[in-house]
Each structure stands twice: as C-alpha cells, then as structure tokens.
Amino acid sequence: MRKYKYGLYAVCFGLMLSLNSCFNLDEEPFSEIIEDDYVPTTEDEIALLATAYSPLRFIMDWYGYFDLQEESGDVIVTPTRPNGWDDGGVYKKMHMHTWTNQQGQPQTTWSYCYDGINNANKILKKAEEGFFRPESMDDVVAEVRAIRALWYSILCDTHGNVPISKTFSDELIPQSPRQEVFDFVISEINEVLPLLPTAVDKTTYGRLTQWGAHCLLARMYLNAEVYTGTPAYDKALEQCNIIIESGKFSLEPVYSDIFKTDNENCIETIFAVPYDAVYNMGDDNGPVFGMHMKWLSTDSRKVYNMQASPWNGSGANPQFINSYDPDDQRLYDTWLQGPQKNSAGEVVFEYVNKLPSLYKSDTFDGYRVGKYSIANGAKSALSNDFPYFRYTEVLLMKAECLLRLGQDEQEAANLVSEIRERAFRDHPEKAKVTVEWLKGDTHIQYGILDEDGNIVDKGDQTPVKFGGLYDEWSWEFACEARRRIDMIRFGTFQTKSWFNHKPVGNYATLFPIHLDDLTTNPNLDQNPGY
C-alpha cells in the first residue's frame, strides 16, 4: 500500500528478528537471523524509523489531539444529543475549561507523545549499539532527533512543564520548566537540520525533511511569547522566508483537494501524517482517522453508503459559522450544511446552523465537519492524510510576523490576499484585503448565547488586535487541530466568552498533568491552577 509500506516493513522486520531455526537441516537455515550478523537494509531502517512517527496518528483518533485543540476552542461543540453524549460531562468540561487532572484528552496527548519519544529513544539506543549501516547512521539519528523534538513541541504547547527524556531507560526523569522544553526543541532541530533530507517526493512523504524542520521552528518562534514570555517573530520570519525561497511548495489551486481521500500528492503539504483505512484499522495497529464517526449524524450512513454507523456528536458553534463571508468557498468546503443527499439525489436529512445549548440539542442541530472527504462506502476509519504542516501556514505566519514587527505591512496584506484568492475564486474582488482590515477587530461575535442563538452576555468586548488576521487563521485552518494555539496567541482563549463558555483565567492555557502520571512519577509537580 502506497502510504503505509513502511508500517508493513516494521511488522515484517519485527517478525524477522524473532524467527528461530525450527529444523536441524544440513543446509544453511535461512529462517534464523543472528542479530550480530544482521545487516539492515534501507527499508529496514525506514521501518524502524516509522515507530517514532506512527503514534502521531492519535491526532484524529478518539480523545486525540483534535479533541484537545478544538473542543477547548470556539469552533467545535459537543452538546448533549437525543442519543447521548453527556458522557459524564467530559465534553462540557472541555468547552467550559473546567477540566481536572483526570480529564482524558490531555492524558491521551501526554501518553502518545511519550510513546513517540520512547520509541525515538529506543532507536537512538540501537544507533549507539551500531545497529545501522555506517553510511546511514548520521542521517537516521538526525531524523529521529527531529521527530523527537516535534513530540516535545506538542508537549511544550499543551503541558509546558514536562520531563525531557534523552535516553531509553526506566529512570524517572525530573520535570523541566517550559522554557527549557522550548530551548530543547529549538536546539535539537538546529543541530540536526543540515542532515535532514531536502527532497520532496515519495521517499520523504510522511517524514520530517529540512522544510518540515524549518516549519517547526517557525511555529515555535511564532508562539515563543506564549511559551517563554519573550517574542521571537523575527526568527519565525526568517524560517518562513527559507521555506518560501526554496520554491518547493505552492498553494493547492482547489482548497478541498488538500483534504481529499487520496491527498498524498498535495503540492502544499510540507509534512503529513498518513492514514490508511485498509492497513490501519486500529486495535493492535494503533490509532486511526476516526473523528468523522464523532462528527457525522447517524443517518450519514445513508448519504455516503457507509459500512459503519456514525455517532452524531460534535457540531459547529453557530457564532463561528456566522463569521464567514457567504461567498467564502471555505464555508462550504469545511462544513456539511443544509440538505444531505444520497447517491440518488434524494434528501436524507438537513443540518441546521443552530445549537440551543451544551445541555440540549436536536439530532441535526449544528453544521458538521466536512473538510476531510468521506469516501463512498467508508468504514469507521478514513484514508485521508492529515496535513500537519502546509504551505499556507508558512504564508500566514510570515504575514503575522510582518504585522507584529511593523515591517512591510502591505506585503502582509498581499500574502493574505493570495491565500484568499482560491477561497473567493467566484468573487475575486473579495479576495483582496487591506492592512486596515487585517488590523481591525474580529468578525466573530463573542458572547454567551441563549437557546435562540441570541447573545445574552457579551463578556469582554475588548477589540482583538490584528482581528482580521485572526479571522483568516480561523477560516483557513478550521478543524485542523490547532484552534486553541491561535486563540491563546491572540489572547481570546483567556478572555472571551462564546456559546456557553466564560473565561476562567490564564492558568487554563496549560492543561493539567494527569493524576495517574503524578502518581507514577513523584518528580512531577502539577501545573499552576490545578
């Protein structure tokens, strides 16, 4: 299979090392491999590398990174439905920011991050033992350190103060402050970057290249003020320019093509997390792309001829939907709305843009995520690859850096206008934005809603600095597991009210360390406020 051949190699490789001779024959027993005599091939090395990447599939799995970043933001809401979804209040806590140290989503992120880190450390230990071919040793080590740094970049964002494990052992590592975690990510990437591949082709798909490393640095620097208290927009800008000047990437002409089922050839994807509905169906094979099961109405099985029945959970916050320009194609490419028809053109049901409250909703209330195409006959897992880094992010990061640095603000407006051209392809006059528009307030009407969708408590109405740019981040990257990050950087996560949410304080910008992990490792101290 095109995308998970390295996963299959990993399984085969593990089986090869475990085989023992079963027969006493005179011939050389090819079923026996002695590790000391074993010389790995390129495919074997890639297979082993895959174990450091594969836990990233948790992003779109149950209680995964999507839930952590989107349920806590102002776009996705999971209300009580006629078919359930109260679930002990777990989703209400995510929406209200009243999570505790026993919340599942933060623990899932912590656990999968350390799975990836531990797998990376295992590989580095094998490298120290001389397992890899001498001619590939340095490249393998560099790539493993890079993906380990990416794992720590996630933890730096979500939990902040975490142990930095550099070796594979049972030792309980002391906790490091967020500044040290940030510094570790930056130093690791800078050290290994020259040894990472520069090719953008099938051999590097799903792997961190130099361009993915530059994008990781840019994202870290863009959020440096949040992570460390010291802004680094100049450094983020430098990283963005390196990627842009490489000429390796460009905007996909059609927005929806970025997220289609067979999207591995997308020209703007810098780093992807591959999924496969055939060879990666979960259980012992690890996490899957299963979020569509949570989003879609149960009756969607009739629309897509699905072989599994969705669970009718999450919907869109109407306040966010109402912020779109009706001529913005992203509104229709991102959200399932209105009549839903089957293959015969018959209307099966209709999604409506309303959600009465967290505690009450009808079956078809709320637009649903439709950004990731649903293949006809889909099961409970999809094959759409997740674009972890894409070129549009680089352009928007550059625009934001220019605005925050007060440099060439017109270029910032030009970059945003370039991105909007495909969104307003039928209304090109609306694609162009001005510097004043980027610096204006947000189009999202923040405040608490009543059951009729009216704002009954406006809360903090302080204008959002660079609100136009803030909106562009939200419309372009809606439902891409990053809303919380952007809200925190712009200050809305900490201050604004939306739907049934009121702000609780700055402490909620970090998640709590789970009680289980605190119990397991006495070196850990809980994050402030919990």
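Side chains included, hydrogens not; waters and symmetry mates left out as well; all remaining heavy atoms used.
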> CZ/Phe424 to CD/Gln329 distance, rounded to the nearest 0.5 angstrom?
Replying inline: 10.0 Å

> If you round to the nearest 0.5 Å, how far is CG of Asp157 from CD1 of Ile485?
Replying inline: 4.0 Å

> Does a donor on one side chain and an acceptor on the other come within less than 3.5 Å for Glu418 and Asn414?
Replying inline: no

> Is the closest side-chain heavy-atom distance between Tyr233 and Tyr221 below 4.5 Å?
Replying inline: no

> Can you tell if the side chain of Pro287 reaches within under 4.5 Å of the side chain of Ile59, non-hydrogen atoms only?
Replying inline: no

> Does any donor atom in the side chain of Asn342 or Arg301 lie under 3.5 Å from an acceptor atom in the other side chain?
Replying inline: no

> Just how far is it from atom CG of Asp333 to atom CG of Asp328, taken to the nearest 0.5 Å?
Replying inline: 9.0 Å

> Has Arg390 got its NZ or CZ under 6.0 Å from the middle of the six-membered ring of Tyr255, at an angle within 45 degrees of the ring axis?
Replying inline: no

> When you look at Glu71 and Tyr63, which way does the side chain to side chain donor-acceptor pair (under 3.5 Å) test go after all the steps?
Replying inline: CA-CA 10 Å; Glu71 290 279 356; Tyr63 271 25; over 6 Å; no

> Hey, mind stepping through Ser314 and Thr78 against side chain to side chain donor-acceptor pair (under 3.5 Å) and telling me if it holds?
Replying inline: CA-CA 4 Å; Ser314 305; Thr78 303; 2.6 Å; yes

> Do you know the tightest heavy-atom contact between Cys215 and Glu393?
Replying inline: SG-OE1, 4.4 Å

>> Does Arg484 qualify as a cation-pi partner of Phe490, given the criterion of NZ or CZ under 6.0 Å from the six-membered ring centre and within 45 degrees of its axis?
In response: no

>> Just to verify, what does Gln103 make a side chain to side chain contact (heavy atoms under 4.5 Å, CB included) with, not counting sequence neighbours?
In response: Val90, Lys93, Met94, Trp99, Gln105, Pro106

>> Would you compute the distance between atom OG1 of Thr492 and atom CG of Asp460 and round it to the nearest 0.5 angstrom?
In response: 10.5 Å

> Using 4.0 Å as the upper bound for N to carboxylate O, is an ion pair formed by Glu476 and Arg422?
Replying inline: yes

> Taking all non-hydrogen atoms of both residues, which atom of Leu415 and which atom of Ala399 are closest, and how far apart?
Replying inline: CD1-N, 3.9 Å

>> Here's a test for you: under side chain to side chain contact (heavy atoms under 4.5 Å, CB included), which of Asp262, Thr261, Asp276, Ile374 qualifies with Asn384?
In response: Thr261

>> To check you understand the geometry: which heavy-atom pair defines the closest contact between Met60 and Tyr275, and what is its length?
In response: N-OH, 3.3 Å

>> If the test is side chain to side chain contact (heavy atoms under 4.5 Å, CB included), which one of Leu237, Asn241, Leu396 qualifies with Cys401?
In response: Leu237

> Do the ring centers of His443 and Trp475 come within less than 6.0 Å of each other?
Replying inline: yes

>> Would you call the rings of Phe364 and Tyr351 parallel, tilted or perpendicular, taking 30° and 60° as the class edges?
In response: perpendicular

> Looking at Phe66, does the NZ or CZ of Arg482 lie under 6.0 angstrom from its six-membered ring centre and within 45 degrees of the ring axis?
Replying inline: no

>> So, taking the atom named CD in Gln319 and the one named CZ in Phe499, what distance separates them when rounded to the nearest 0.5 Å?
In response: 8.0 Å

> How about Thr392 and Glu268: does a side-chain donor come under 3.5 Å of a side-chain acceptor?
Replying inline: yes

> In terms of the angle between their ring planes, are His95 and Trp498 parallel, tilted or perpendicular, with boundaries placed at 30° and 60°?
Replying inline: perpendicular

> Does the distance from a Lys or Arg side-chain N to an Asp or Glu carboxylate O, for Lys502 and Asp457, drop under 4.0 Å?
Replying inline: yes

> Under 3.5 Å, is there a donor-acceptor pair between the Thr298 and Asn312 side chains?
Replying inline: no

>> Run the side chain to side chain contact (heavy atoms under 4.5 Å, CB included) test on Leu336 and Leu296 for me, step by step, so that the C-alpha distance in whole Å, both residues' side-chain angles and the decisive distance to 0.1 Å come before the verdict.
In response: CA-CA 9 Å; Leu336 298 174; Leu296 299 179; 3.4 Å; yes

>> Within the structure provided, determine whether Leu449 and Val456 are in side-chain contact (heavy-atom separation under 4.5 Å).
In response: no

> Is any side-chain N of the basic residue among Asp74 and Lys496 closer than 4.0 Å to the acidic one's carboxylate O?
Replying inline: no

>> Less than 3.5 Å apart, any donor N or O on the side chain of Thr158 or Thr109 sitting next to an acceptor on the other?
In response: no

> Less than 4.0 Å between a side-chain N and a carboxylate O, is that true for Glu480 and Lys371?
Replying inline: yes

>> Would you say Asn527 and Tyr507 are linked by a side-chain donor-acceptor pair, where the criterion is simply a distance under 3.5 Å?
In response: no

> Should the pair Lys294-Asp67 be classified as a salt bridge under the 4.0 Å nitrogen-to-oxygen rule?
Replying inline: yes

> Any side-chain heavy atom of Ser383 within less than 4.5 Å of one from Phe289?
Replying inline: no

> How far apart are the C-alpha atoms of Tyr470 and Ser474, what are their side-chain angles, what is the distance that settles it, and do they pass the side chain to side chain contact (heavy atoms under 4.5 Å, CB included) test?
Replying inline: CA-CA 6 Å; Tyr470 172 75; Ser474 69; 5.8 Å; no

>> Under a 3.5 Å cutoff, is there a donor and acceptor pairing between the side chains of Lys92 and Thr80?
In response: yes

> Can Glu252 and Lys260 be counted as an ion pair, charged N to O under 4.0 angstrom?
Replying inline: no

> If you round to the nearest 0.5 Å, how far is CZ of Phe477 from CD of Gln69?
Replying inline: 13.5 Å

>> Does this structure show an ion pair linking Glu346 with Lys341, if we count only N-O contacts that are shorter than 4.0 Å?
In response: no

> Going by an N to O cut-off under 4.0 Å, is there a salt bridge joining Glu400 and Arg404?
Replying inline: yes

>> In terms of relative ring orientation, are Trp311 and Trp85 parallel, tilted or perpendicular, with 30° and 60° separating the classes?
In response: tilted

>> Between Trp295 and His292, is the ring centroid distance below 6.0 Å?
In response: no

> Does Arg330 make a cation-pi contact with Trp335 (under 6.0 Å, within 45 degrees of the axis)?
Replying inline: no

> With a 3.5 Å cut-off and no angle check, do the side chains of Ser297 and Asp299 form a donor-acceptor pair?
Replying inline: no

>> For the residue pair Arg219 and Tyr388, would you count it as a cation-pi contact if the rule is NZ or CZ under 6.0 angstrom from the ring centre and within 45 degrees of the ring axis?
In response: yes

>> Quick one about Trp151 and Tyr112 (side-chain donor to acceptor, distance below 3.5 Å, no hydrogens or angles considered), yes or no?
In response: no

>> Do Ser72 and His97 make a side-chain contact, defined as non-hydrogen atoms from C-beta onward lying under 4.5 Å apart?
In response: yes

> Would a 4.5 Å heavy-atom cut-off, applied to side chains only, mark Tyr391 and Thr269 as touching?
Replying inline: no

